[in-house]
Amino acid sequence: MCTVCGCGEGETRIEGESADHEHPHEHGHTHGHDHNHDHHHPGEKGDLHFGKGPARAHAPGMDQARMVAIEQDILGKNDQYAAANRSRFAQLGVLALNLVSSPGSGKTTLLTRTLYDLKEEIRLAVIEGDQETSNDADRIRATGVPAIQVNTGKGCHLDAHQVGHAVDHLGLPEGALLMIENVGNLVCPAAFDLGEAHKVAILSVTEGEDKPIKYPDMFHAADLLLLNKIDLFPHLQFDVARCMEYARRVNPGIQILQVSATSGEGMDQWYRWLRLNREARLVGHTSTAGTRAAEASA
């Protein structure tokens, strides 16, 4: 179990896999991972994983050296899966983004509005991570964009192995923009690379301006911060300048956009960021001509 947040005793369930398809195991999936291993995957029963910060809770009967060794083993194996995912995305010309936030940030609302607004322009796909239910995946599929639900049970984050399995069932087209909506949590997802090009942190103005210094690992790992629900400014006492200063204190290079998924304010800046990064991914890729032709005729 995770000694930071107490997760890890649930079992992962991925849409499209049979009920008796359990992890860990050996199998012949096509996502380029070597499955001849003898370990539990992060987020599953019997695992330990830890945040990047220096403070670690102690598991009963386990010394610090053993805890560090387990952390390094789990994160090292996750990084191998992430590298395989990254290679696969590069071969397909796919821009993969890891959307991270606390629960209630408006992440799913922002995502569904993005899908509605861009689906006629860009090939889109979504991997949706939640501990239970397919509610958010159902909301996403209602936009007409394909989505795969990953339920992590008591696991508090997605890992690269789960993402690789989900991609197998998603039918990811060349040149697509893949949105990975992580489990709502500002701690553990920061430590787990999924093979994405960028982590995008969503922070609601209802959460307080000090979140970047309370959860520095997450904001240090993110390339972009979307400050969401700015339509609520008139009803709140939220210091935007202080929030941005805190974010840049932990990550001087982070980009910050102010948006409202409800009113639409600032969303054009977000879409411009998406277009620019997707164009950069497509430059020189063999699928570029075919992708653009398909999108032009859609």
Side-chain angles (χ1 to χ4, degrees), residues 31-32 82-101 107-128 140 143-148 158 160 163-164 166-167 170-182 193-203 219-228 244 247-248 251-261 264-298:
H31 52 72
N85 290 343
R86 187 170 287 108
S87 176
R88 186 177 189 182
F89 296 149
Q91 290 171 6
L92 290 170
V94 166
L95 175 65
L97 302 178
N98 184 1
L99 307 184
V100 292
S101 77
K107 182 165 77 267
T108 306
T109 299
L110 187 144
L111 176 57
T112 53
R113 177 158 189 154
T114 300
L115 300 177
Y116 273 120
D117 288 349
L118 297 184
K119 66 180 182 178
E120 301 301 327
E121 173 187 344
I122 297 173
R123 294 178 176 181
L124 299 161
V126 175
I127 295 173
E128 176 62 41
I140 290 161
T143 70
V145 172
I148 289 288
L158 292 173
V163 168
V167 170
L170 194 53
L172 196 60
E174 288 191 349
L177 171 57
L178 172 64
M179 302 282 207
I180 305 169
E181 184 175 4
N182 218 313
D193 181 8
L194 306 181
E196 73 272 12
H198 304 284
K199 280 186 175 68
V200 177
I202 296 94
L203 174 64
F219 293 90
H220 178 74
D223 294 313
L224 176 67
L225 168 59
L226 296 179
L227 193 58
N228 193 26
M244 294 172 68
R248 291 188 171 120
N251 183 354
I254 196 169
Q255 295 179 265
I256 304 173
L257 299 176
Q258 299 180 46
V259 300
S260 169
E265 186 177 357
M267 294 296 284
D268 283 346
Q269 298 177 71
W270 161 232
Y271 299 158
R272 182 172 182 271
W273 187 92
L274 290 173
R275 292 184 186 104
L276 289 172
N277 281 275
R278 181 170 175 267
E279 284 295 316
R281 171 49 61 98
L282 287 173
V283 169
H285 191 269
T286 55
S287 69
T288 301
T291 297
R292 290 175 174 162
E295 291 174 351
S297 63

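Quick caveat, the model's predicted, so the values are computed rather than measured.
Side-chain contact between Val145 and Met179 is absent, with no heavy atoms from C-beta onward closer than 4.5 Å. Two residues are said to be in side-chain contact when any heavy atoms from C-beta on lie closer than 4.5 Å; Arg248 and Ile256 meet this criterion. You'll find the side chain of Leu99 reaches within 4.5 Å of the side chain of Leu111, heavy atoms only. Taking 4.5 Å as the limit, every side-chain heavy atom of Gln269 sits out of range of all side-chain heavy atoms of Gln255. When side chains are defined from C-beta on, Trp270 counts as touching Val200, because their heavy atoms get closer than 4.5 Å. In this structure the side chain of His198 reaches within 4.5 angstrom of the side chain of Asn277, judged on heavy atoms.
With Asn228 contributing its side chain and Ile202 its backbone, the two residues share no donor-acceptor pair below 3.5 Å. For the pair Asn98 (side chain) and Asn182 (backbone), a donor-acceptor distance under 3.5 Å is absent. A donor-acceptor pair under 3.5 Å is formed between the side chain of Thr112 and the backbone N or O of Thr108. Using modelled atom types, one side-chain atom of Lys119 and one backbone atom of Thr143 make a donor-acceptor pair closer than 3.5 Å. Arg281 places a side-chain N or O within donor-acceptor distance of the main-chain N or O of Val94, the cut-off being under 3.5 Å. In this structure a side-chain-to-backbone donor-acceptor pair under 3.5 Å is missing from Arg123 to Leu172.
Heavy atoms only, all atoms of each residue included: Asp193 and Ala160 are closest at O-CB, 3.5 Å. The nearest pair of heavy atoms linking Ser101 to Lys107 is OG-NZ, 2.9 Å. Annotation for Leu274 and Leu95: closest pair O-CD2, 4.2 Å, computed over non-hydrogen atoms. Residues Phe219 and Ile254 approach most closely at O-CD1, 3.7 Å, considering heavy atoms. When all heavy atoms of Gly164 and Asn85 are compared, the pair lying nearest together is CA-OD1, 3.5 Å. Heavy atoms only, all atoms of each residue included: Ala222 and Ala201 are closest at CB-CB, 3.9 Å.
Atom CG of Asp223 and atom CH2 of Trp273 lie 6.5 Å apart (nearest 0.5 Å). The line from CG of Leu97 to CZ of Arg278 is 11.5 Å long, rounded to the nearest 0.5 Å. To the nearest 0.5 Å, the span separating CD1 on Ile148 from CD on Glu128 amounts to 11.5 Å. Atom OG in Ser260 sits 11.0 Å away from atom CG in Leu227 (nearest 0.5 Å). Distance CG/Asn251 to CG/Leu225: 9.5 Å, rounded to 0.5 Å. Atom OG1 of residue Thr114 and atom CE of residue Met267 lie 4.0 Å apart, to the nearest 0.5 angstrom.
The side chain to side chain contact (heavy atoms under 4.5 Å, CB included) test with Glu181 singles out one residue from Val100, Ile140, Leu110, and that residue is Ile140.
Surrounding CZ of Arg275 are more than 12 heavy atoms belonging to other residues, nucleotides or ligands, all under 6.0 Å away.
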